[in-house]
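What follows is a single structure, written as structure tokens, with notes after it.
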Amino acid sequence: MKSYGQFCPVAKAAELFCERWTALIIRDLAAGATRFSELRRGVPLMSPSLLSSRLKQLEAEGVVERRAPEGSNERGARYFLTEAGAEFVPLVVGLGTWGQRWARRQLAEHEIDLGLLIWSLERSVKADAFGSERSVVQLNFIDQPSGKDAWWFVNENSACELCLHDPGFDIDLHLSCSLSDMIYIVRGDLPVSRAIADDRLEVHGAAAARRKLSAWLNLSPLAAVKPKSRSTAAV
């Protein structure tokens, strides 16, 4: 961790918080990720060794708490924000709000990340949006190669399980769109109703299931933040 060489509390906090990747790690811990593998999925460009080093650093600073496995059936430590770490969460939310309002909205090629989108959906969807019974949502990307074009989300017991192969259950809702358009939907740039009206998102299923799509997506409150940047490009 590089030092600004100042006693100012802003400088001292920035030395820790403004270190690359730290805000994203805090973002994911605040969203419920606790295992190393889960944190890795949220920062796919960060090497495992660097993530391990950063977690140790945050632990030493009292921002993250590492808890050993509980019982013989649990493998690997879990990570949680401490009281000090939780005080960083409003700053992360503030960064996200500013980003939604002022940052460039048009996706660049390197920002179209399939793995990050799928992981984001898996952890954020409202699994019981369709009711208490098991429900399955199949998502197809029309612009992705075979093997990466179809994904299944099995919602059961208030939890969502991502399947890489057809789980063999009846499909309650079938979604079809491009990868970039789904990212725009999740970010709040493209309303679901507009995506459907413009034929950028195809939705097939019973009427009751189609009505629950927005509830199932369970978009972040940040998705409702409207852009103010004059350079914002329409999507």
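Nearest heavy-atom pair, S135 versus A127, reported as atom, atom and distance to 0.1 Å: OG-O, 4.4 Å. What you find for A129 and A215 is that their closest heavy atoms are CB-C, 4.0 Å. Here the closest heavy-atom approach between residue P167 and residue V154 is recorded as CG-CG2, 3.9 Å. Summarising the geometry of I26 relative to G85, their closest heavy-atom pair is CG2-O, 4.5 Å, with the distance given to 0.1 Å. Closest of all the heavy-atom pairs between V92 and A23 is CG2-O, 3.9 Å. Nearest heavy-atom pair across R27 and G42 is NH2-O, 3.1 Å.
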Quiz item: What do the steps show when you test E65 against T82 for side chain to side chain donor-acceptor pair (under 3.5 Å), and what is the final call?
Solution: CA-CA 6 Å; E65 176 187 2; T82 63; over 6 Å; no
Exercise. Please report the C-alpha distance between L55 and R66 in whole Å, then the side-chain angles of each, then the deciding distance to 0.1 Å, and finally whether the side-chain contact (heavy atoms from CB on, under 4.5 Å) criterion is met.
Key: CA-CA 9 Å; L55 287 170; R66 181 181 183 274; over 6 Å; no
Exercise. Start with the C-alpha distance between V192 and I196, add both sets of side-chain angles, then the distance that settles side-chain contact (heavy atoms from CB on, under 4.5 Å), and finish with yes or no.
Key: CA-CA 6 Å; V192 171; I196 295 173; 3.9 Å; yes
Exercise. Evaluate the side-chain contact (heavy atoms from CB on, under 4.5 Å) criterion for residues Q106 and Y184: first the C-alpha distance (whole Å), next the side-chain angles of each, then the deciding distance (0.1 Å), finally the verdict.
Key: CA-CA 9 Å; Q106 193 73 29; Y184 283 131; 3.2 Å; yes
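Between F153 and W216, the gap from one ring centroid to the other is short of 6.0 Å.
Enclosure of atom CD in E111 by more than 12 non-hydrogen atoms of other residues, nucleotides or ligands within 6.0 angstrom is indicated. In the displayed structure, D198 atom CG is contacted under 6.0 Å by more than 12 heavy atoms of other residues, nucleotides or ligands.
Side-chain N or O atoms of N155 include none that pairs as donor or acceptor with a backbone N or O of K126 at under 3.5 Å. Side-chain N or O atoms of Q138 include none that pairs as donor or acceptor with a backbone N or O of A150 at under 3.5 Å. A donor-acceptor pair is defined here as one N or O able to donate and one able to accept, closer than 3.5 Å; such a pair exists between the side chain of R210 and the backbone of G205. S52 places no side-chain N or O within donor-acceptor distance of the main-chain N or O of P48, the cut-off being under 3.5 Å. A donor-acceptor pair under 3.5 Å is absent between the side-chain atoms of R187 and the main chain of Q100, judged by distance alone. A donor-acceptor pair under 3.5 Å is absent between the side-chain atoms of Y4 and the main chain of V10, judged by distance alone. In this structure, N218 contributes its side chain and S124 its backbone to a donor-acceptor pair below 3.5 Å.
Both V203 and V137 belong to a common hydrophobic cluster when Ile, Leu, Val, Met, Phe, Trp and Tyr are linked at side-chain heavy-atom distances under 4.5 angstrom. In the hydrophobic cluster analysis, where Ile, Leu, Val, Met, Phe, Trp and Tyr join through side-chain heavy atoms closer than 4.5 angstrom, L116 is grouped apart from L175. L29 and L24 fall within a single hydrophobic cluster, where Ile, Leu, Val, Met, Phe, Trp and Tyr side chains are chained together by heavy-atom contacts under 4.5 Å. In this structure, L117 is not a member of the same hydrophobic cluster as W152, with clusters built from ILVMFWY side-chain heavy atoms closer than 4.5 Å. Note: the hydrophobic cluster containing F80 does not contain V43 (ILVMFWY, side chain heavy atoms under 4.5 Å, direct or indirect links).
Legend: ring pair (Phe, Tyr, Trp, His ring centres under 6.0 Å) pairs involving residues 14-36, not counting sequence neighbours, sorted by first then second residue: F17-F88.
To the nearest 0.5 Å, atoms CG (L217) and CE (M182) are separated by 6.5 Å. A distance of 9.0 Å separates CG in L58 from CD in E19, rounded to the nearest 0.5 Å. Rounding to the nearest 0.5 Å gives a distance of 8.5 Å between CG of D143 and CG of D181. Going from atom OG of S180 over to atom CZ of R200 covers 7.5 Å, rounded to the nearest 0.5 Å. Residue R54 holds its CZ atom at 12.5 Å from CG of L39, rounded to the nearest 0.5 Å. Note that the NZ atom of K12 and the OG atom of S3 stand 5.0 Å from one another [nearest 0.5 Å].
Among the candidates R123, R40, R41, the single residue satisfying the side chain to side chain donor-acceptor pair (under 3.5 Å) test with D28 is R123. Tested against V136, the residues D166, D170, L173, D172 include a single side chain to side chain contact (heavy atoms under 4.5 Å, CB included) partner, D172. Partner of S176 under the side chain to side chain contact (heavy atoms under 4.5 Å, CB included) criterion, chosen from L139, I142, D149, L201: I142.
Two residues are said to be in side-chain contact when any heavy atoms from C-beta on lie closer than 4.5 Å; K228 and W102 meet this criterion. Proximity of D189 to I183: side-chain heavy atoms (C-beta onward) are nowhere separated by under 4.5 Å. Contact annotation: the side chain of V93 approaches that of T97 to within less than 4.5 Å [non-hydrogen atoms, C-beta and beyond]. The shortest distance between side-chain heavy atoms of K148 and F141 does not fall below 4.5 Å. The shortest side-chain heavy-atom distance between R35 and R78 falls under the 4.5 Å cut-off.
Salt bridge absent: E59 and K56 never bring a charged side-chain N and a carboxylate O closer than 4.0 Å.
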